[in-house]
Amino acid sequence: MSQVIVIGAGQAGASCVAKLRNSGFDGGITLIGAEPVPPYQRPPLSKAYLMGDMTLDRLFLRPESFYAEHNINLRMGHRVDAIDTAAQTVTLGDEVLPYDDLVLTTGSVPNRLPAAIGGDLEGVFTVRDLADVDAMAPRFTEGARVLIVGGGYIGLEAAAVAAKLGLKVTLVEMADRILQRVAAPETSDFFRDLHRSHGVEILEGVGLDHLTGTGAVSGAKLTDGSEIEADFVIVGVGIRPSIALAEAAGIEIENGIKVDAQGRTSAAHVWAAGDCTSFPHQGGRIRLESVPNAIEQAECAAQNIMGAGEDYLAKPWFWSDQYDVKLQIGGLNTGYDRVVTRRTDEDSVSFWYYQGDQLLAVDAMNDPRGYMVGKRMIEAGKSPDSALIEDPASNLKALLKA
């Protein structure tokens with residue numbers, strides 16, 4: 001009987017094993033995860049779960065019983081020690097498990113502050129997994145002082161939760177503006193204003209020199225010489241693909257585990273999907289850190305294990321929830337040279353990224369119609385006249401049909 005082993009029990013791993021079973025795969029399936037809980041959603045960790053609005057059982061992608069009912073061997077709380085691609089085996093403690101196909105869905109790991117600048121002090125957290133959030137949640141008490149290092153989406157989402165719960169929030173971003181790596185100045189301006197209206201102190205163009213405290217963090221000194229007191233610190237300075245296991249097995253790495261259009265790695269019978277991978281896209285190679293990519297790429301790999309021979313065609317989209325604002329992003333803005341603003345009412349606005357006359361992406365704040373139409377235009381290769389996009393009286397749906 002054919003055996004498939006999936007390493008990494010996050011969104012991609014759970015999607016892969018479910019797709020295999022739902023597509024009629026009747027061999028053995030083993031899903032191995034390092035965490036002691038079934039696969040769960042990560043996005044709510046820094047939002048609804050941290051706020052206390054979502055319980056643990058609602059985080060789970062499927063009830064634990066799903067895996068037994070579908071004859072999926074779920075191995076929780078286990079770390080894989082090694083992969084032997086020649087022997088087609090996985091070493092798990094004292095066990096050596098054979099596979100016919102192996103899928104790596106190892107995800108990503110957060111960047112941490114070096115110990116030399118206080119990264120190992122008690123009270124310094126990242127926001128990546130359930131254990132991280134469970135450890136910091138008791139500190140979210142009214143009046144507590146939190147320093148957030150990094151003005152990306154994770155840092156801003158944590159800042160929103162903290163501000164809503166009555167904490168005193170300071171966020172530092174060493175770049176010239178928050179969201180500089182991922183968004184236009186217009187989107188940065190929108191979220192800066194939003195956070196400041198909720199009492200968050202945002203410091204841009206200033207970095208962290210070092211954290212202060214003996215044993216536990218008590219504050220920070222910044223690169224401009226100023227000092228901040230803090231009861232705890234949240235670090236949101238990006239993530240990197242989890243490649244150590246693949247690299248040790250001799251699998252090719254290129255900004256992540258390198259896969260072809262169908263999800264194959266450089267090793268025979270080894271596939272990969274999700275945050276840990278880089279894959280072909282529009283003549284280049286990209287890595288996407290998103291839930292939709294994890295699901296769709298993993299499902300494509302599952303189908304190809306069964307012989308479908310299908311290429312994965314990414315349709316990038318992302319989202320973020322902060323206060324009462326829902327940001328939805330369609331497409332990739334890489335290479336944009338201008339931004340067009342569409343405002344239909346006081347509470348809704350969208351920013352449309354163009355490269356010349358080509359529409360690349362859209363950031364929509366409380367504008368689901370703008371997001372959906374923009375996303376469909378991008379996927380269809382349509383680029384409407386930017387003057388029509390900017391005109392709030394123009395009918396977006398009509399532009400989609402044009």
Side chains of Y40 and D129, donor plus acceptor under 3.5 Å: no
Qualifying residues under side chain to side chain donor-acceptor pair (under 3.5 Å), relative to Y353, sequence neighbours excluded: D363
Check ion pair K375-E379 (N to O, under 4.0 angstrom): yes
Atom pair CG (D367) and CG (D345), whose distance is rounded to the nearest 0.5 Å: 8.0 Å
Derivation and outcome, side-chain contact (heavy atoms from CB on, under 4.5 Å), residues I117 and L211: CA-CA 6 Å; I117 64 168; L211 298 178; 6.0 Å; no
Ion pair K164/D321, N-O distance below 4.0 Å: no
CG (D337) with more than 12 external heavy atoms under 6.0 Å: yes
S108 side chain to E289 side chain, donor-acceptor N/O pair below 3.5 angstrom: no
Heavy-atom neighbours of K221 NZ exceed 12 at 6.0 Å: no
Whether over 12 other heavy atoms sit under 6.0 Å from K47 NZ: yes
Gap separating the CG atom of L208 from the OG1 atom of T223, nearest 0.5 angstrom: 8.5 Å
Test log, rule side-chain contact (heavy atoms from CB on, under 4.5 Å), inputs V127 and D132: CA-CA 6 Å; V127 186; D132 291 334; 5.6 Å; no
Side-chain touch Q88/L102, heavy atoms, less than 4.5 angstrom: no
4.5 Å side-chain heavy-atom contact, L171 and I178: yes
R192 and E204 ion-paired at < 4.0 Å: yes
Test: E35 and R42 ion pair at under 4.0 Å: yes
pair M306-L20: side-chain heavy atoms closer than 4.5 Å: yes
Flag for S46-E157: side-chain donor and acceptor within less than 3.5 Å: yes
Validation row: I243, I251 side chains within 4.5 angstrom (heavy atoms): no
D57 atom CG, over 12 foreign heavy atoms within 6.0 Å: yes
Atom pair OG (S226) and CG (D209), whose distance is rounded to the nearest 0.5 Å: 10.0 Å
Listed once per pair and sorted, the side-chain hydrogen bond (donor to acceptor under 3.5 Å, both in side chains) pairs that draw on residues 65-83, sequence neighbours left out: R75-E95
Verdict with supporting geometry, L74 and F66, side-chain contact (heavy atoms from CB on, under 4.5 Å): CA-CA 10 Å; L74 178 60; F66 167 88; over 6 Å; no
Donor-acceptor side-chain pairing of S348 and R369 below 3.5 angstrom: no
Pair R342-S394, side-chain contact (heavy atoms from CB on, under 4.5 Å): steps then yes or no: CA-CA 10 Å; R342 180 181 176 87; S394 62; 3.0 Å; yes
D193 with R196: basic N within carboxylate O range, under 4.0 Å: no
Aromatic ring pairing F191/H195, orientation class (parallel under 30°, perpendicular over 60°, tilted between): tilted
Check: Y371 ring centroid to F318 ring centroid under 6.0 Å: no
Heavy-atom pair with the smallest gap, counting every atom of V259 and A272: CG1-CB, 3.7 Å
CD/E64: more than 12 non-hydrogen atoms of other groups inside 6.0 Å: no
The single option from R240, R287, R128 passing salt bridge (Lys or Arg N to Asp or Glu O under 4.0 Å) against D275: R128
Min side-chain heavy-atom separation I202-E173 under 4.5 Å: no
Point-to-point distance, once rounded to the nearest 0.5 Å, from OG1 of T341 to CD of E186: 5.5 Å
D100 to H269 - nearest heavy-atom pair and separation: O-CB, 3.2 Å
Exceeds 12 heavy-atom contacts within 6.0 angstrom, atom CZ of R145: yes
Value rounded to 0.5 Å, distance of CD in Q11 from CD1 in I295: 4.0 Å
